[in-house]
Amino acid sequence: MPIYEYTAYNQNGKLSTGLLGAPSRKIAYDRLKGKGLYPKDLHLDTASDSSASVSKDSLSFVLTQLSSLLAAGIPMVSALDSIITQVDSKALGRSLARLKTAMEEGKSFSEGLANDKMFPPLLVKMAYAGESVGNLELILERYASFLEKESQSAKKIIGALIYPMVIMTASTALVMFILAYIAPTLTEVFDNFNKKLPLTTQILVSMGSFLRDYSIVILLLIAAGIYCYIKYVPKKFKDNLKLSMPFVGQAYRYTMLSRWSRTLGLLHGGSVPLLKALESARDVVDNVSLEKELVTVEKSVEKGLSLSASLSRYFPPLLVNMVETGQQTGELEKMMNVVADFYEKEADRRLSLFIQLFEPAMILILGGVVGFVVISILLPIFEVNRIVK
């Protein structure tokens, strides 16, 4: 559906801009006039959204607003119309305009979402479930909360890694500069005195000369290695590598389990059948090995085995016991949220422990490298002073 960008005056003479979905420019013009807007400029928005993606924070804001408006009794189309003008992202605004137009043409909310790649597949499934049980606003609110938690977890991880990575990058750049440009000058000084450089200084100078002469080749090899790893290394190998890393691997596994548990609880709480909820919750697990285990669990449940018994073969006892309790009490959603919170905290704890160990280890390694560089530079300087005296 074409999207038109407009600049128009309202009845009070105030100028406003926005996006509007319509089959043609004439229909778009008529729709604006019907809203009491007098177009100053109306043109087809040709911007492409094929590679655009929406941030979790932006989507969470939109869904929260939409849920509140629906709960207040405002029709979906009117709610979308008011939200479109509040969205900062033009790509998301265009998607919402297309969604609104699709609903005006008689499509359901979930059908409109499914026709736009901007919206996550899980949201489409959740919206369909909400429409089926007649409680779409609650489902949207829960999904918005889910996105908010996901965003907060990602920010915690990124924020925790910024400081050590900045220190490592700065220290590495300094050492590389010394190796490539300062150390070689020592050779010229000692050549003038017909003296031989100390062994550590010779090693330093050789390293510096190598980096200076082959820096482009080294960078190309590193870039080629990264490209080959991303392009040709199987995803299964990379996923297994993530899970096997000390500290980080277990934190990564707990993060995936937390995401899966929260999604399963969200879907099951939205009256989605258990087997369908299991299949949909698997979509949020970005790991081939874990996905394979979950497929086996789904097959066991399909054959009639209980969910807790199916999980016991692959997953920790805590998860199994919580699921069993949830099934017995009829509060599976609540138990899955408890499990998700636990694994989220455990992942944060393990990641914090890794960072606490990583920082001193990094300082020791960098300190050793810097110490070697300093000694290698000071030794010939002391030797020059002795010769001059």
Side-chain angles (χ1 to χ4, degrees), residues 47-56 89 91 117-118 120 150-151 153-187 200-253 255-256 284-291 347 351 354-355 357-374 376-377:
S48 174
D49 299 332
S50 59
S51 60
S53 60
V54 59
S55 70
K56 291 181 179 179
S89 169
K117 295 181 180 180
M118 176 75 71
E150 288 279 286
S151 178
S153 297
K155 288 176 181 177
K156 284 181 183 178
I157 294 173
I158 294 173
L161 292 176
I162 285 177
Y163 174 74
M165 293 308 297
V166 168
I167 296 298
M168 175 178 285
T169 302
S171 301
T172 302
L174 178 61
V175 170
M176 296 290 285
F177 176 77
I178 292 174
L179 288 175
Y181 296 101
I182 296 180
T185 59
L186 296 173
T187 303
T200 57
T201 310
Q202 291 180 35
I203 295 173
L204 186 69
V205 171
S206 299
M207 291 174 62
S209 299
F210 178 80
L211 290 174
R212 185 177 55 187
D213 296 339
Y214 299 99
S215 58
I216 296 178
V217 176
I218 293 172
L219 290 175
L220 289 176
L221 288 175
I222 293 174
I226 294 173
Y227 175 80
C228 290
Y229 178 80
I230 295 173
K231 188 75 175 178
Y232 299 109
V233 175
K235 189 175 188 302
K236 184 176 181 180
F237 175 83
K238 291 187 280 190
D239 287 345
N240 287 333
L241 182 62
K242 291 177 185 177
L243 291 172
S244 62
M245 294 174 64
F247 296 103
V248 178
Q250 196 63 28
Y252 173 70
R253 182 180 180 86
T255 299
M256 292 295 104
V284 303
V285 177
D286 186 23
N287 187 280
V288 173
S289 298
L290 288 176
E291 286 180 8
L351 185 62
F354 168 74
I355 292 172
L357 295 174
F358 177 72
E359 287 186 11
M362 179 190 66
I363 291 173
L364 287 174
I365 293 173
L366 292 176
V369 172
V370 172
F372 172 78
V373 171
V374 170
S376 300
I377 291 193

Counting only heavy atoms not in Y214, do more than 12 fall under 6.0 Å of its OH?
-> no
For Q250, check side-chain hydrogen bond (donor to acceptor under 3.5 Å, both in side chains) against everything at least two apart and list the hits.
-> Y254
Once you round to the nearest 0.5 Å, how far does CG of L221 lie from CD1 of I216?
-> 12.0 Å
Considering non-hydrogen atoms only, spot the tightest contact between V233 and K238 and give its length.
-> O-CE, 3.4 Å
More than 12 heavy atoms of other residues, nucleotides or ligands under 6.0 Å from CZ of F237: is that the case?
-> no
Nearest atoms (heavy-atom pairs only) where A251 meets A347 = O-CB, 3.5 Å
Sub-4.5 Å side-chain heavy-atom contact between D239 and L243 | no
Gap separating the CE atom of M245 from the CZ atom of R253, nearest 0.5 angstrom | 16.0 Å
For L241 against S244, the heavy-atom pair lying closest together | O-OG, 3.0 Å
Other residues, nucleotides, ligands: >12 heavy atoms within 6.0 Å of K235 NZ = yes
